[in-house]
Amino acid sequence: MPTIRALIFDLDGVITDTAEFHYLSWKQLADEEGLPFTRADNEALRGVSRRESLRRLLKGRPIDEDTAAAWMKRKNDYFLELLDRVTPADRLPGVTSLLEDARRTGLRLGIGSASKNVRPVLDKLGLSDAFDAIGDAHSEVVSKPAPDLFVWIAGRLDVYPTQTVIFEDAEAGIEAGRRGRFWTVGIGPATDGLAHLHYDSMAAITLADVLTKLAALG
Ligand code: B16
Ligand code: MG
C-alpha cells in the first residue's frame with residue numbers, strides 16, 4: 001500500500017447529519033403540494049443531488065421545469081432556515097478528533113459532497129478553515145457514482161487517488177471512490193460490504209485503526 005497522504009470526507013452523514021434537515025424540508029414541500037413522502041422515502045435521497053432528489057420524490061409525477069426550479073428553491077429555503085440552528089456541537093461524534101489527528105500527522109484534507117450548501121454547513125460547524133480543498137455541487141464535474149468529483153479534489157490536494165482515503169455513508173460515494181481507485185471507508189448500513197473498510201459510525205473510527213487496517217490489505 002502506498003503511503004496515505006490525504007483524506008476526503010463526504011459531508012452529510014459523515015461530518016454531520018444534515019439528512020434530518022433535508023428530510024424535514026422535503027417533507028414540508030411534499031405536504032404543501034400533496035405528495036406522499038415518508039422517512040423511508042428519504043433514505044433513498046442520501047448522497048443524491050437536489051435535482052435527482054426531486055425526481056425521486058415525484059415518483060413519476062410530471063411537472064414543468066419552472067415548477068421544478070421553484071420547488072427546489074422553496075425546499076432549499078426551508079433547509080437554510082433549519083441550518084440556522086446548527087452549531088459545532090452538531091459535528092458527528094468522532095469527527096473532531098479524527099480531523100485533529102489527521103492534521104497532526106500532516107495529511108491533506110478535503111470535502112467531496114453532492115450538496116450546494118457545503119460552505120454554509122461548514123461555517124455553522126466551525127470547520128470553514130479545516131479543509132484544504134472543497135468539492136461540491138458547484139464544482140461542475142459529473143456527480144457520484146462517477147469518480148470525477150473525488151479525482152478533481154485529489155488534484156487540488158496534489159495527491160494520487162491511491163494515496164487517498166474516502167469516507168462515505170452512501171453507496172454512490174463508495175462506488176465513486178472505488179471507480180477512481182481510492183481507498184474507501186464506509187460508514188453506516190448503506191455501505192456495509194461495499195467499501196475496503198466499514199464502521200458502524202464515525203465514533204468508531206480512529207486514524208490509527210484505519211491506517212493499520214489499510215496497511216494489512218496491502
Ligand atoms: P443540497 P452529501 C447530499 O449531501 C445529501 O446527502 C443529499 O440528501 C442532498 O440531496 C444532497 O447533498 C444535495 O444537497 O440540496 O444541499 O444541494 O451526502 O453528498 O454530503
Ligand atoms: Mg453522505
Side-chain angles (χ1 to χ4, degrees), residues 7-30 37-58 68-84 86 90-92 94-95 109-125 127 130-131 133-150 152-153 166-177 180 182 184-192 194-195 198-202 205:
L7 310 179
I8 299 178
F9 298 87
D10 175 50
L11 183 66
D12 175 31
V14 174
I15 297 293
T16 188
D17 207 355
T18 35
E20 180 66 11
F21 295 156
H22 284 294
Y23 165 70
L24 292 171
S25 327
W26 282 123
K27 179 69 179 155
Q28 185 169 345
L29 177 82
F37 183 64
T38 64
R39 273 182 195 280
D41 293 333
N42 190 59
E43 283 306 303
L45 310 188
R46 214 169 253 279
V48 167
S49 72
R50 197 180 304 173
R51 189 70 185 78
E52 176 61 17
S53 296
L54 177 63
R55 195 188 69 75
R56 294 185 187 191
L57 183 135
L58 288 169
W71 286 11
M72 286 190 288
K73 181 185 179 311
R74 231 162 84 206
K75 180 268 174 181
N76 199 53
D77 288 345
Y78 300 148
F79 179 84
L80 291 175
E81 264 171 47
L82 293 169
L83 192 61
D84 214 38
V86 169
D90 292 301
R91 296 177 196 174
L92 281 172
V95 164
L109 300 177
I111 286 276
S113 165
S115 176
K116 288 185 173 169
N117 290 301
V118 171
R119 285 170 198 278
V121 171
L122 290 180
D123 190 37
K124 299 297 285 184
L125 293 172
L127 291 173
F131 299 94
I134 292 175
D136 58 18
H138 297 292
S139 302
E140 297 193 353
V141 293
V142 184
S143 53
K144 308 170 201 175
D148 303 43
L149 181 68
F150 291 142
W152 186 90
I153 298 161
I166 304 285
F167 294 78
E168 258 289 352
D169 71 319
E171 192 178 337
I174 298 297
E175 185 183 333
F182 292 86
T184 55
V185 173
I187 294 114
T191 58
D192 202 0
L194 303 175
H198 180 266
Y199 296 85
D200 290 338
S201 68
M202 287 297 284
I205 298 180

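First listed ligand is number 1; within each ligand, the first listed atom is number 1.
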Point to revise | Shortest protein contact, atom 19 (O) of ligand 1 (heavy atom only) | key: Ala114 N, 2.7 Å
Check your understanding: Quick one: nearest non-hydrogen protein atom to atom 2 (P) of ligand 1, plus distance?
Key -> Asp10 OD1, 3.1 Å
Check your understanding: Are any side-chain N or O atoms of Lys27 and backbone N or O atoms of Phe37, one a donor and one an acceptor, separated by less than 3.5 Å?
Key -> yes
Exercise for review: Check each heavy atom of Lys116 against ligand 1 and say whether those closer than 4.0 Å belong to the side chain, the backbone, both or neither.
Suggested key: both
Check your understanding: In the protein, which heavy atom is nearest to atom 8 (O) of ligand 1, and how far is it?
Key -> Leu45 O, 3.0 Å
Exercise for review: Check each of Asn117, Val48, Asp17, Leu54 against atom 11 (C) of ligand 1 and report the one with the nearest heavy atom.
Suggested key: Val48
**Study point:** Backbone of Val14 reached by a side-chain donor or acceptor of Asp169 within 3.5 Å
**Key:** no
Check your understanding: Rounded to the nearest 0.5 Å, how far apart are OG of Ser113 and NE2 of His138?
Key -> 9.5 Å
Check your understanding: Does Ala137 come within less than 4.0 Å of ligand 1, judged by its heavy atoms?
Key -> no
**Study point:** Side-chain ion pair, Asp123 and Arg119, N-O less than 4.0 Å
**Key:** no
**Study point:** Those atoms of ligand 1 less than 4.0 Å from some heavy atom in Leu11
**Key:** 20 (O)
Practice item. Show all protein N/O/S atoms under 2.8 Å from the Mg ion (ligand 2), or state that there are none. Key: Asp10 OD2, Asp12 O, Asp169 OD1
Point to revise | Atom of Ile8, atom of Ile111 and distance for their closest heavy-atom approach | key: CG2-C, 4.1 Å
Exercise for review: For the pair Glu52 and Arg56, find out whether any cationic side-chain nitrogen is under 4.0 Å from an anionic carboxylate oxygen.
Suggested key: yes
Review point. For the residue pair Phe79 and His22, does the interplanar ring angle fall in the parallel (under 30°), tilted (30 to 60°) or perpendicular (over 60°) class?
Key: parallel
**Study point:** Residue and atom name of the nearest protein heavy atom (relative to atom 5 (C) of ligand 1), distance in Å to one decimal
**Key:** Asp12 OD2, 3.3 Å
**Study point:** Enumerated ligand 1 atoms positioned under 4.0 Å from heavy atoms of Ser53
**Key:** 10 (O)
Exercise for review: Starting from the C-alpha separation in whole Å, work towards a yes-or-no answer on salt bridge (Lys or Arg N to Asp or Glu O under 4.0 Å) for Glu20 and Arg39.
Suggested key: CA-CA 9 Å; Glu20 180 66 11; Arg39 273 182 195 280; 2.7 Å; yes
Revision key, fill the gap. Check: of Ser143, Ser115, Gly47, min heavy-atom distance to atom 12 (O) of ligand 1 comes from Ser115
Check your understanding: Hey, what's the ring geometry for Phe131 with Phe9, parallel, tilted or perpendicular (30° and 60° as the breaks)?
Key -> perpendicular
Exercise for review: Compute the shortest N/O to N/O distance between Asn76 and ligand 1 and return yes if it is under 3.5 Å, no if not.
Suggested key: no
**Study point:** Protein heavy-atom partner closest to atom 15 (O) of ligand 1 - residue, atom, separation in Å
**Key:** Arg50 NE, 2.8 Å
**Study point:** Test item: Lys124 side-chain N/O and Asp84 main-chain N/O as donor-acceptor pair under 3.5 Å
**Key:** yes
Review point. For Asp200, does the CG atom have more than 12 heavy-atom neighbours from other residues, nucleotides or ligands under 6.0 Å away?
Key: no
Review point. Do any heavy atoms of Lys75 fall under 4.0 Å from ligand 1?
Key: yes
Exercise for review: Keeping the roles fixed (side chain from Thr16, backbone from Asp90), state whether a donor-acceptor pair exists under 3.5 Å.
Suggested key: yes
